[in-house]
Amino acid sequence: MFAKRVLLAGVCALALAACATTSPVPELASSDVPMAFEQPVADQAPIWPKPDWWRGFGSEELNGLIVSAQSGNLDLAAAETRILQADARVRAVGSALLPTVSIGASSDLPTDGGTPTGVSIAASYEFDFWGRNRSLLTAAQASNRATRADRETVALTATATTATTYFQLLSLRERIEIARLNLENVKAVLAVTDARVRKGVASPRERARQRQTIAGQRAQIPQLEQQELETRAALALLLGRPPEGFDVTARDLTAIASPSVAPGLPSELLARRPDVVTVEANLEGANANLAAARAALLPSISLTASGGVSTGTLTGLVTNPLFSAGIGLSLAQTIFDAGRRGAVTDEARAREQELLLAYRSTVITAFSEVETTLGSIANLSAEVAFREEQAAQAQIAFDIAQARYREGVDNFLVVLDAQRSLYQSRDQLQQSRHQQWLQLVPLYRALGGGWEDPNATIAQQQ
């Protein structure tokens with residue numbers, strides 16, 4: 001008779017389960033994913049970065065710095081501890097799918113010379129007819145996947161920032177050398193001016209102007225040295241170490257190679273950027289939480305069983321035990337809760353819509369970053385070529401102006417203008433080259449840095 005009741009309750013539960021149907025995970029609109037990237041790429045460039053993409057720059061020092069960052073970066077270490085927390089949450093939530101077993105013992109105070117004693121064991125299990133516990137487990141697993149993708153985002157950020165900061169440090173050292181070279185040039189002009197003043201063919205005002213220029217040129221060097229110090233400290237911080245005693249050996253960017261890389265299909269990018277995978281997993285988790293909230297509106301069905309042994313004395317547990325056992329099936333349904341569970345469902349539904357918008361925004365941003373970075377690299381290549389020509393012509397103009405001033409053909413203002421143009425063109429050329437290097441790192445980062453999600457879901461449906 002009891003078995004029939006259990007079977008009847010199960011049939012009723014399965015019939016009511018139709019009320020707990022869930023909507024599929026929302027997907028991207030077809031217009032969100034372009035067919036191809038528009039910006040040009042280097043000929044015969046490798047498609048998608050390699051996991052160790054930074055080795056393409058050909059710097060053993062950079063390789064060593066990134067290895068140090070991967071093992072010592074504190075943000076990355078913190079992200080790895082969050083994975084341990086997420087793993088524990090999955091185990092905790094998954095335990096609801098299994099029975100709960102408990103054991104107890106009791107001993108009352110003696111009243112008639114005996115010691116009433118008992119040992120009991122009980123088990124309970126909630127039937128997951130509506131899939132609530134399974135949905136909660138799915139949400140926890142999605143959160144775990146998002147946490148792991150977050151760790152990859154932190155790792156990519158640490159790696160890319162290490163490379164960028166290293167290039168910035170070398171670029172600043174180049175700018176310091178250029179400033180010192182410019183200082184030597186203005187000193188040479190000052191020597192010519194002094195000789196002309198002594199001969200009476202130049203005024204002391206020209207000498208004062210040139211000394212003013214020298215002072216201004218000298219003032220730039222401490223500023224650049226301070227920036228170099230701050231950048232070196234920032235690089236040490238990325239490696240998880242104090243800046244005291246930390247330094248790099250390279251002095252400029254001349255030994256750095258210029259690698260090339262190209263994106264594949266835009267749809268493939270969705271499984272190659274960990275930030276996209278994070279918001280995708282968050283969306284899956286929100287969908288599962290919505291299913292769990294809907295299932296909470298339905299009755300809960302639990303099976304309990306208990307058994308025990310008791311006696312009037314402690315020794316009686318062996319000589320004269322009294323056994324007892326029981327089993328029960330319970331069904332509970334909340335009739336009135338002032339709309340609390342309905343509000344929880346509405347909140348979960350709104351949360352799912354919010355995360356869908358966040359997912360779309362992240363995806364579109366990813367495509368935009370690839371397009372703009374590819375365009376920036378192409379435009380910077382053209383800019384560097386023009387800057388090189390500008391610097392070369394400025395050098396010729398300065399040499400001519402200096403020679404003509406020495407011979408008394410041109411006045412001092414021509415020299416001042418020529419040297420100002422030369423110094424500006426040199427510095428602008430160096431900064432353009434620096435930006436050209438810096439844009440290579442964001443391209444690798446925009447392409448996901450060689451990482452690929454092994455459990456891609458929504459991205460594979462596009």
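From a predicted model like this one, the values you see are computed outputs, not experimental measurements.
In this structure, the side chains of L447 and R272 stay at 4.5 Å or more apart for every pair of heavy atoms. Considering only heavy atoms from C-beta on, R211 comes within 4.5 Å of R207 through its side chain. Looking at E352 and L283, their side chains come closer than 4.5 Å, going by heavy atoms from C-beta outward. Taking 4.5 Å as the limit, every side-chain heavy atom of L269 sits out of range of all side-chain heavy atoms of V276. Side-chain contact between T278 and N282 is present, with heavy atoms from C-beta onward closer than 4.5 Å.
Taking the ring pair (Phe, Tyr, Trp, His ring centres under 6.0 Å) definition, one finds that Y444 meets it with W53, sequence neighbours left out. For R175, the salt bridge (charged side-chain N to carboxylate O under 4.0 Å, His left out) partners at least two apart in sequence or on another chain are D427. Partners of F167 according to the ring pair (Phe, Tyr, Trp, His ring centres under 6.0 Å) rule, which considers only residues two or more places apart in sequence or in another chain, are F57. A search for ring pair (Phe, Tyr, Trp, His ring centres under 6.0 Å) contacts involving W54 returns nothing, not counting sequence neighbours.
For the 3.5 Å distance criterion, the side chains of E206 and Q210 fail to qualify, holding no donor opposite an acceptor. A side-chain donor from one of R426 and Q395 sits under 3.5 Å from a side-chain acceptor of the other. For the residue pair E383 and S432, a side-chain donor N or O sits within less than 3.5 Å of a side-chain acceptor on the partner. Donor-acceptor pairing under 3.5 Å is recorded for the side chains of E230 and Q226. Remark: the E268 side chain and the W48 side chain contain an N/O donor-acceptor pair separated by less than 3.5 Å.
Between R445 and E369 there is no salt bridge, since no side-chain N of the basic residue sits under 4.0 Å from a carboxylate O of the acidic one. The pair E284-R145 meets the salt-bridge criterion, with a side-chain N (NZ, NE, NH1 or NH2) lying under 4.0 Å from an Asp/Glu carboxylate O.
Looking at E174, its side chain does come within 3.5 Å of a backbone N or O of L253 through a donor-acceptor pair. In this structure a side-chain-to-backbone donor-acceptor pair under 3.5 Å is missing from S368 to I364. No donor-acceptor distance shorter than 3.5 angstrom exists from the side chain of Q39 to the backbone of T372, with no hydrogens or angles considered.
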Next on the checklist: Does E177 form a salt bridge (charged side-chain N to carboxylate O under 4.0 Å, His left out) with R180? I'd like the steps, not just the answer.
Outcome noted: CA-CA 5 Å; E177 289 304 313; R180 289 171 177 166; 3.2 Å; yes
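Residues V41 and P263 come closest through the heavy atom pair CG1-CD, 3.8 Å.
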Side-chain donor/acceptor pairs under 3.5 Å, residues 72-89, sequence neighbours excluded:
from: N73; atom 1: OD1; to: D75; atom 2: N; distance (Å): 3.1
from: N73; atom 1: OD1; to: L76; atom 2: N; distance (Å): 2.9
from: N73; atom 1: ND2; to: L238; atom 2: O; distance (Å): 2.9
from: E80; atom 1: OE2; to: R151; atom 2: NH2; distance (Å): 2.9
from: T81; atom 1: OG1; to: A78; atom 2: O; distance (Å): 2.5
from: D87; atom 1: OD1; to: N144; atom 2: ND2; distance (Å): 2.6
from: D87; atom 1: OD1; to: R148; atom 2: NH2; distance (Å): 2.8
from: D87; atom 1: OD2; to: R148; atom 2: NH2; distance (Å): 3.1

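Residue pairs that meet the ring pair (Phe, Tyr, Trp, His ring centres under 6.0 Å) test with at least one member in residues 244-275, sequence neighbours left out, do not exist here.
When each of L172, T165, L169, L237 is paired with R232, the side-chain contact (heavy atoms from CB on, under 4.5 Å) condition holds for L169 and for no other.
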